[in-house]
Amino acid sequence: MTPFLVFVLCFFLFFACLLPVVKFCYSFFLLVPFSRRRWGVLWEEEKTNDGVKWKQLEHKGPYFVPLYEPLPDDVQFYYDGKPLKLSLATEEIATFYAKMLDHEYTTKEIFQNNFFNDWRKEMTPQEQEIIKQLDKCDFKEIHKYFVDKNEARKALSKEEKQKLKEEADRIQEEYGYCILDGHREKIGNFKTEPPGLFRGRGDHPKMGMLKKRIMPEDVIINCSKDSKIPEPPVGHKWKEVRFDNTVTWLASWTENIQNSLKYIMLNPSSKLKGEKDWQKFEVARRLKDVVHRIRAQYQADWKSKEMKKRQRAVALYFIDKLALRAGNEKEEGETADTVGCCSLRVEHIKLHSKLDGQEHVVEFDFLGKDSIRYYNKVSVEKPVFKNLQLFMKNKDPGDDLFDRLSTVILNKHLQKLMNGLTAKVFRTYNASITLQEQLKALTNPEDSVAGKLLSYNRANRAVAILCNHQRSTPKTFEKSMQNLQTKIDAKKEKLEKAQQELEEAEDELKYKKDAKAEANVQKKKKLLERLKEQLAKLNVQATDKEENKQIALGTSKLNYLDPRISIAWCKKFGVPIEKIFNKTQREKFAWAIDMTDEDFEF
DNA sequence: AGGATTACTTAGGAATCAACAG
DNA sequence: CTGTTGATTCCTAAGTAATCCT
């Protein structure tokens with residue numbers, strides 16, 4: 001080897017070794033100050049290594065919720081009027097039911113039956129012999145015990161509460177964080193789910209079933225090979241320890257109700273989740289560029305010779321226009337009967353050639369995710385209407401509306417139209433674009449901050465309505481509305497009084513033009529102005545509240561609205577970001593707060 | 001190809017916390 | 001200071017969609 005070659009080799013080796021150092025320094029000294037770029041660079045980096053989500057992952061495993069503490073001897077369970085001492089396992093399950101006694105769930109037959117079935121399975125043979133009917137079980141004393149215990153906890157002294165808080169903080173500190181690629185990151189759900197009775201939403205066939213306690217033997221740990229592997233609690237073992245860096249979860253277990261997996265994952269504030277979130281909105285922005293083409297195509301497909309294509313085109317139209325969910329098929333009898341677009345049945349829509357002065361109206365009425373009702377009357381294009389008539393012909397109410405379509409077929413089609421496009425992207429896209437348009441239309445630059453916030457909430461509300469994000473009217477709604485009205489009335493009265501006083505003061509000024517009278521007029525004027533402002537603010541509040549009664553704004557804000565739209569709006573109109581994003585939201589959207597200027601356009 | 005499994009996002013309600021009025 | 005109320009945080013169920021498996 002010639003000295004020259006050796007030199008060249010050393011030269012390259014030297015720089016190869018230096019590369020990580022250079023990279024580190026670069027990111028440290030250059031990118032941190034210009035943090036706007038940080039996310040961009042990181043994303044670029046991630047794209048190159050396919051499937052690998054991290055290089056280093058170290059954590060302590062899940063925090064296991066405390067074991068069951070038996071009831072004191074004087075708290076009794078009664079069967080058929082007679083006290084009955086239960087075995088520990090049976091007693092624990094009894095407490096699950098007892099705790100829920102004043103919840104609506106326990107009045108439902110399915111809940112009762114499922115509970116009783118599962119409970120009996122865990123009883124000793126002797127208990128099984130005695131306890132044969134749920135309605136002979138008396139849990140009242142146990143119920144009262146827990147109610148009292150709750151009260152007692154609330155009534156604890158400041159110091160005692162502080163102590164409990166400190167203990168919780170200690171657990172959070174120990175189990176609530178992990179090390180991911182050298183950064184300490186917050187974990188989302190670091191505790192195992194406690195045992196209890198399954199609370200499904202809507203008409204769930206499994207409500208009331210026993211949700212078993214998770215033990216270390218059920219848990220799979222995922223971490224990096226060279227990290228400090230978490231210790232299972234003493235006397236226990238993990239089900240498995242694996243080192244899979246193509247997934248983002250830290251631990252998982254199989255839940256016994258649906259036999260599905262549960263995961264311990266990172267908090268939304270983490271870099272990993274933030275990048276994913278950002279990516280999601282970038283995909284939606286790409287849809288913006290091609291959506292016109294896609295719309296033109298599905299409109300053309302309404303007239304296709306193939307039934308399959310027509311169904312696809314009509315379904316996509318619904319997903320686009322009404323922001324419906326995709327609607328995967330689900331196993332019958334395992335979950336509540338809910339549907340999305342592709343799984344709509346004939347019974348879920350009604351067709352009206354004419355309704356309330358509109359033509360070709362489709363009336364939707366079905367239960368969607370979480371058994372939330374979707375009810376809407378929409379006037380559609382004539383070909384859509386004709387197609388729906390065709391799809392419904394010779395079908396029973398319980399038949400699929402789109403019998404030749406599934407989410408898999410639809411998504412395969414979408415994938416061809418745009419890289420990364422799936423049905424749910426339309427929801428993200430339509431939500432974000434609606435917010436941007438509504439903000440443009442509703443914001444008045446002359447308004448006060450409070451007025452601008454009302455506009456923001458209204459824009460947010462338009463999105464929530466589009467996405468059908470509902471909530472049950474808060475229990476205290478009527479009362480708090482009344483309180484607000486009382487306040488408004490009081491303010492009005494004050495205002496009238498101030499008005500009168502001002503007039504009087506002005507009269508007096510006309511009468512004796514001295515400095516004192518002049519000052520008085522000015523004072524009264526100021527007071528009047530202030531009261532007017534306060535009244536306006538209260539009225540705004542009342543409007544906002546009423547309009548928000550059954551609408552949940554949080555879900556769209558957290559999941560569908562590109563935070564950069566909101567941040568740009570704040571910057572443009574001088575509204576502090578804290579007014580629209582609370583602490584958690586600011587943490588989740590740190591990536592966006594970092595990179596957004598006032599001229600950002602979705 | 002298509003059903004099953006896995007991984008991850010989205011969702012509303014309950015529990016808890018903080019702010020405010022009385 | 002204390003109880004009420006609204007806001008925030010926690011919890012975990014219920015979706016979507018990718019991937020695995022046969």
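Scope of the values below: all heavy atoms of this structure, side chains included, with no hydrogens, waters or symmetry mates. Convention: sequence-line order gives letters A, B, ...; per-chain numbering from 1.
- Within 4.0 Å (heavy atoms only), A/Gly368 reaches sugar-phosphate atoms of the nucleic acid but no base atom.
- Although no hydrogens or angles enter the test, the distance criterion places a donor-acceptor pair under 3.5 Å between the side chain of A/Glu255 and the main chain of A/Gln258.
- Aromatic ring centres of A/Phe281 and A/Phe602 lie farther apart than the 6.0 Å criterion allows.
- If you look at A/Phe589 and A/Phe581, their ring centroids are closer than 6.0 Å.
- With 3.5 Å as the limit, one finds no donor-acceptor pair spanning the side chains of A/Tyr263 and A/Thr248.
- Across all strands shown, A/Arg201 has heavy atoms under 4.0 Å from base atoms, whether or not it also approaches the sugar-phosphate.
- To the nearest angstrom, C1' of B/dA15 lies 10 Å from CG of A/Asn150.
- For the pair A/Lys53/A/Asn245, no side-chain contact is recorded, criterion being any heavy-atom separation below 4.5 Å from C-beta on.
- Annotation: ring pair (Phe, Tyr, Trp, His ring centres under 6.0 Å) contacts of A/His469 (sequence neighbours excluded): A/Tyr560.
- Protein chain A touches strand DNA chain C; the 5'-most and 3'-most nucleotides with an atom under 4.0 angstrom of its non-hydrogen atoms are C/dT5 to C/dA18.
- In this structure, A/Trp249 has its ring center at least 6.0 angstrom away from the ring center of A/Phe190.
- Judged purely by distance below 3.5 Å, without hydrogens or angles, the side chains of A/Gln470 and A/Asn468 pair a donor atom with an acceptor atom.
- Residue-to-nucleotide proximity on DNA chain B shows that, of A/His103 and A/Asp277, the 5′-proximal contact is made by A/Asp277.
- Listed pair A/Lys154 / B/dT16 fails the phosphate criterion, with no side-chain N or O lying under 4.0 Å from OP1 or OP2.
- Across all strands, A/Glu255 comes closer than 4.0 Å to no nucleic acid atom at all (heavy-atom distances).
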| note | Per-nt protein contacts along nucleotides 1-8 of chain B (heavy atom under 4.0 Å; B base, S backbone sugar-phosphate only, - none) come out as -----SBB
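- Note on A/Ala336: nothing from the nucleic acid sits closer than 4.0 angstrom, heavy atoms only.
- Of the residues in residues 191-200 of chain A, A/Glu193, A/Pro194, A/Phe198, A/Arg199, A/Gly200 come within less than 4.0 Å of DNA chain C through at least one heavy atom, sorted by number.
- The interatomic distance linking A/Lys588 (NZ) with B/dA11 (C1') rounds to 12 Å, in whole Å.
- When heavy atoms are screened at a 4.0 angstrom cut-off, A/Ile372 is found touching the sugar-phosphate backbone but no base atom.
- Residue A/Lys369 is in base contact, counting any heavy-atom pair closer than 4.0 Å across all strands shown.
- Note: CG (A/Asp370) to P (B/dT10) measures 14 Å, nearest angstrom.
- For A/Ser252 and A/Asn222, the side-chain atoms include no donor-acceptor pair closer than 3.5 Å.
- Rounded to whole angstrom, the span from the CG atom of A/Asn189 across to the P atom of B/dT9 amounts to 12 Å.
- Among A/Lys60, A/Lys186, A/Arg184, the single residue meeting the salt bridge (charged side-chain N to carboxylate O under 4.0 Å, His left out) criterion with A/Glu173 is A/Arg184.
- Tested against A/Thr338 for a side-chain hydrogen bond (donor to acceptor under 3.5 Å, both in side chains), the candidates A/Arg373, A/Lys330, A/Lys369 yield a single pass: A/Lys330.
- Legend: residues meeting side chain to side chain contact (heavy atoms under 4.5 Å, CB included) with A/Asn457, ordered by chain and number and at least two apart, are A/Arg461, A/Asp544, A/Leu553.
- DNA chain C is contacted by both A/Lys583 and A/Lys330; A/Lys583 maps to the nucleotide lying nearer its 5′ end (nearest heavy atom per residue).
- Mapped onto DNA chain C by nearest heavy atom, A/Gly327 and A/Thr584 fall at different nucleotides, with A/Thr584 at the one closer to the 5' end.
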| field | side-chain contact (heavy atoms from CB on, under 4.5 Å) between A/Tyr97 and A/Gln112, intermediate numbers included | value | CA-CA 9 Å; A/Tyr97 195 84; A/Gln112 295 171 353; 3.5 Å; yes
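- Rounded to whole Å, the distance from CG on A/Leu558 to P on B/dA11 is 10 Å.
- Looking at A/Gln311 and A/Asp403, their side chains do bring a donor and an acceptor atom within 3.5 Å of each other.
- The distance from atom NZ of A/Lys557 to atom P of B/dG12 is 15 Å, rounded to the nearest whole Å.
- If you check residues 203-224 of chain A against DNA chain C, the residues with a heavy atom closer than 4.0 Å are A/His204, A/Lys211, listed by number.
- Residues A/Tyr429 and A/Asp320 have side chains that never bring a donor and an acceptor to within less than 3.5 angstrom of each other.
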